[in-house]
There are 2 protein chains.
Amino acid sequence: MSIVYLPPHRTGDLHYLKRLNRSAILEMIRQTPGLTRADIATQAQLTKATVGNSVQTLLGQGWLSEGELHKSSGGRPGRALHLNDEHFALLGAEVGVHGLRLVACTLSGNIIESHHEQVLPASPEATAHTLAQLLKELKARPSMADRHCLGIGIALPGPVDPAAPVLRLAPNLNWQDVRFLDLIRPLVPEATSIWLMDNEAKSAAFGELYFRTGNIPHSLAYVSLGTGIGGGMVTDQSPPQLSRGAQGLAGEIGHTVLQPNGQYCHCGNRGCAETLASGWAIRAALGIAEDINLVDAISARQHDEDVQYVLRRAGETLGILLLNLHHTQNAAEIVLGGSLVQLGPAFLAPAQRYFAANQNRLLGNGQKVRLRILDDATFVAARGAAAQVLATVIHGSNDLV
Amino acid sequence: MSIVYLPPHRTGDLHYLKRLNRSAILEMIRQTPGLTRADIATQAQLTKATVGNSVQTLLGQGWLSEGELHKSSGGRPGRALHLNDEHFALLGAEVGVHGLRLVACTLSGNIIESHHEQVLPASPEATAHTLAQLLKELKARPSMADRHCLGIGIALPGPVDPAAPVLRLAPNLNWQDVRFLDLIRPLVPEATSIWLMDNEAKSAAFGELYFRTGNIPHSLAYVSLGTGIGGGMVTDQSPPQLSRGAQGLAGEIGHTVLQPNGQYCHCGNRGCAETLASGWAIRAALGIAEDINLVDAISARQHDEDVQYVLRRAGETLGILLLNLHHTQNAAEIVLGGSLVQLGPAFLAPAQRYFAANQNRLLGNGQKVRLRILDDATFVAARGAAAQVLATVIHGSNDLV
DNA sequence: TGTTGTTAGTTTAGAAAGAAAACTAAGACT
DNA sequence: AGTCTTAGTTTTCTTTCTAAACTAACAACA
């Protein structure tokens with residue numbers, strides 16, 4: 001892993017300061033659409049002059065648009081400021097075991113175009129080729145014609161060192177140490193300023209927090225329930241930061257051990273959560289072959305005793321896993337996604353029950369952490385990767401376009 | 001919990017910029033003693049003029065001192081800059097089940113004075129009274145006479161909401177929702193600018209990272225092995241940030257569940273790590289009464305089969321706990337402290353073995369996370385609380401001094 | 001309908017910070 | 001001693017933000 005030591009403390013010049021204030025203003029409007037220049041000046045402790053200046057620039061660059069007038073309370077009404085959802089586009093993609101998912105979305109995170117291509121796992125090179133082709137097609141759609149593409153984010157199913165950047169491992173694709181961006185960048189000739197890749201659950205976690213507006217939770221953990229179990233957590237910094245850990249293993253909760261002398265996991269250790277509560281574990285327990293769609297197979301046998309039992313046990317284990325995550329990272333909100341959410345209450349209800357019953361053991365009846373289950377997690381990771389592109393542009397060190 | 005939503009993005013004026021650069025310069029010298037003005041200008045991307053200006057101020061304020069000349073490489077030799085360890089003092093205290101611990105230390109973290117007072121658990125008010133008295137005595141020692149005291153940090157044995165600030169719970173002291181600073185502040189009349197309190201393991205974690213110089217690890221987790229099991233983690237931000245979570249429960253790894261239908265924990269749940277690997281658990285397994293010192297009792301019976309077995313089992317569980325922490329937060333270094341480190345290899349070796357054997361399962365033979373066991377953890381938390389005071393001064397929003 | 005009060009946003013003048021470049025200081029090498 | 005090189009300071013200039021005056025737009029009310 002490349003980042004091993006603490007990054008140096010930040011210094012800045014006047015240009016940096018201007019950049020800082022400009023992104024802060026943009027960020028405020030992003031989080032709270034409809035703010036006026038005066039609101040921003042008050043909240044950000046900047047003068048109206050400074051705010052007015054920056055807003056003018058941001059309007060000119062296509063980041064913001066002016067909206068309706070606020071209601072007057074006895075004075076000149078302020079003009080609402082919003083993100084300009086017409087000018088830019090963000091691209092996001094997810095490489096998964098079951099296919100490639102692509103989205104194009106606006107600054108607010110609204111999906112303009114999306115595509116899900118079912119492909120079998122292939123080599124990194126072949127996958128890059130296919131994805132490049134699909135990206136080109138997506139960019140060629142009419143709705144994308146007048147938009148400036150800020151960059152492309154790619155979510156991958158395994159631990160990623162985003163500094164290198166390299167995908168360290170993707171057991172389900174049988175990939176190892178893949179520099180995916182190096183493979184795909186040359187295949188998409190039109191220059192896009194930003195390319196990034198990250199772990200799928202981390203991208204998803206980031207997007208779920210970052211594209212929220214209004215009262216944005218302090219932190220958010222995303223648990224990705226698929227063939228394996230991944231996790232990502234966004235911490236309470238501003239801008240939000242993904243916790244990655246020293247080797248990119250933060251959030252690898254599928255390999256936390258819950259049964260010391262349990263079954264062997266593909267990682268070589270025994271009793272990992274993945275041997276008890278993952279798609280892989282459920283398949284193994286019910287003897288469902290790999291080439292059969294798990295969700296379909298289960299819904300066909302859903303009233304089967306065995307199926308109910310296996311799902312309940314897996315769900316209970318998931319509950320423990322969530323509680324352990326709660327007592328380790330204590331996110332303000334936990335979001336469950338991944339293909340296994342389609343298994344429904346037979347799997348998820350036991351987890352919810354266990355978590356609800358035990359999450360407040362220590363503090364008594366305080367505020368509860370919300371456990372949210374996504375209805376449709378299809379494009380969550382791809383959209384999250386797009387969110388990371390936006391965050392990189394807004395909070396990065398380059399000027400905004 | 002008071003902080004529930006994302007903090008607003010930071011803006012700043014010219015004064016803020018100056019403050020930012022000045023703390024960055026101070027922080028650089030703190031992390032790498034002996035830097036010259038020219039080194040700083042190069043690394044921080046500031047001009048020599050700006051650096052020279054700030055350094056002059058910092059020298060004048062007593063933060064820095066000039067040291068020896070560097071070796072010349074064919075030009076004028078630069079002058080080494082160090083923290084001035086004579087001018088300021090930091091105070092730290094820990095309220096524990098077995099007594100009160102106090103330290104006074106320099107900006108570099110060197111302990112000037114310390115005191116360990118064995119007292120039985122008492123009410124918050126009585127404890128505040130005793131601690132205030134001891135603090136006054138510590139401040140009155142001759143070595144403290146010419147020092148300006150920057151503030152006092154207090155480490156407490158339970159989850160703390162540092163924003164309020166309130167100690168939510170300390171099961172071993174039988175305290176709940178205690179605003180300890182409100183109790184002790186009026187009893188120490190001499191105005192100290194900064195008062196803060198935090199969880200004991202978090203303070204310890206912070207201090208272990210913050211008072212390091214040279215190659216500072218990217219992140220650090222501290223596991224406090226005592227009557228219960230606490231944890232704290234410092235993340236890879238600059239300045240380093242403690243992860244607290246939405247309710248201050250981040251790091252409460254003693255209540256992660258490792259045995260779904262295991263023994264009941266004092267928290268009410270079953271199979272918590274604390275029921276398997278804590279001082280409490282070892283006592284219970286060996287039938288050692290609460291009023292007997294655990295470490296003494298064990299060392300008296302250390303060749304006993306039962307004792308060996310219980311310690312080995314507890315150690316194995318600790319190993320799992322550490323691995324789970326590794327796969328959740330992935331700190332660059334894990335430090336073990338607390339009174340139980342004195343139990344030695346009979347307890348700790350199984351944990352080390354399990355962790356070493358399994359920590360690289362996912363990534364293969366990469367860089368290893370270091371597992372460090374403290375020889376003497378007596379003043380670690382108190383010193384860490386002092387470190388937090390320093391960090392608050394350096395990185396806080398007020399001007400230095 | 002005009003006058004007054006209030007708040008939003010802009011313009012202008014001024015202060016403060018860092019950058020750039022010239023300058024002085026101090027050592028190594030010839 | 002003279003030259004080269006690097007450290008650190010001083011001076012001048014540019015950039016950014018602030019402060020305060022100004023214009024704009026609306027409500028309330030006579």
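Each chain gets a letter, A, B and so on, in the order the sequences are listed, and its residues count up from 1. Note: hydrogens, waters and symmetry copies are ignored here, and every other heavy atom, side chains too, is used.
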Could you check A:S73 against B:G74 and say which one's nearest nucleotide on DNA chain C is further toward the 5' end? A:S73
Just checking A:N21: base, sugar-phosphate only, or nothing, at a heavy-atom cut-off of under 4.0 Å? sugar-phosphate
Presence of salt bridge, A:E333 and A:R212, under 4.0 angstrom: yes
Side-chain contact check for A:P77: nearest option of C:dG18, C:dT11, D:dC26 is D:dC26
Expressed in angstrom and rounded to an integer, what is the separation of A:H15 atom NE2 from C:dA20 atom C1'? 17 Å
Selected nucleotide, minimal atom distance to B:K18 side chain, candidates D:dG8, C:dG18, D:dA19: C:dG18
Of all the choices, D:dA27, C:dT11, D:dC17, which nucleotide is nearest to the side chain of A:A49 once you look at every atom? C:dT11
Rounded to whole Å, CG of B:L17 lies from P of D:dT14 at a distance of 19 Å
Expected output: side-chain A:K139 to main-chain A:A104 donor-acceptor under 3.5 Å: no
Atom pair distance, as rounded to whole Å: OH in A:Y16 and C1' in D:dT14: 20 Å
In whole angstroms, how far is the P atom of C:dG9 from the CZ atom of A:R79? 9 Å
Euclidean distance, atom NE2 of residue B:H70 to atom C1' of C:dA26 [Å, nearest integer]: 15 Å
Looking only at atom types and distance, does a side-chain atom of A:R147 sit under 3.5 Å from a main-chain N or O of A:E86, one as donor and one as acceptor? yes
On DNA chain D, nearest-nucleotide positions of A:L14 versus A:T50: which is more 5'? A:L14
Of all the choices, C:dG9, C:dG18, D:dG8, which nucleotide is nearest to the side chain of B:T36 once you look at every atom? D:dG8
At less than 3.5 Å, do the side-chain atoms of B:R76 and the base atoms of C:dA26 form a donor-acceptor pair? no
Tell me whether the side-chain N/O atoms of B:T47 come closer than 4.0 Å to OP1 or OP2 in C:dA19. yes
Position toward the 5' end of DNA chain C (nearest nucleotide), B:R19 or A:K48: A:K48
Quick one: do B:D198 and B:R244 make a salt bridge, cutoff under 4.0 Å? yes
Between B:A80 and A:N53, which is nearer to the 5' end of DNA chain D once each is assigned its nearest nucleotide? B:A80
Value in whole Å for how far the P atom of C:dG27 lies from CD of B:E68: 14 Å
So, do A:M233 and A:L220 sit near enough that their side-chain heavy atoms are less than 4.5 Å apart? no
Distance in angstrom units between A:Q56 CD and C:dA8 P, rounded: 18 Å
What is the separation between atom NZ on A:K71 and atom P on D:dC26, rounded to the nearest whole Å? 14 Å
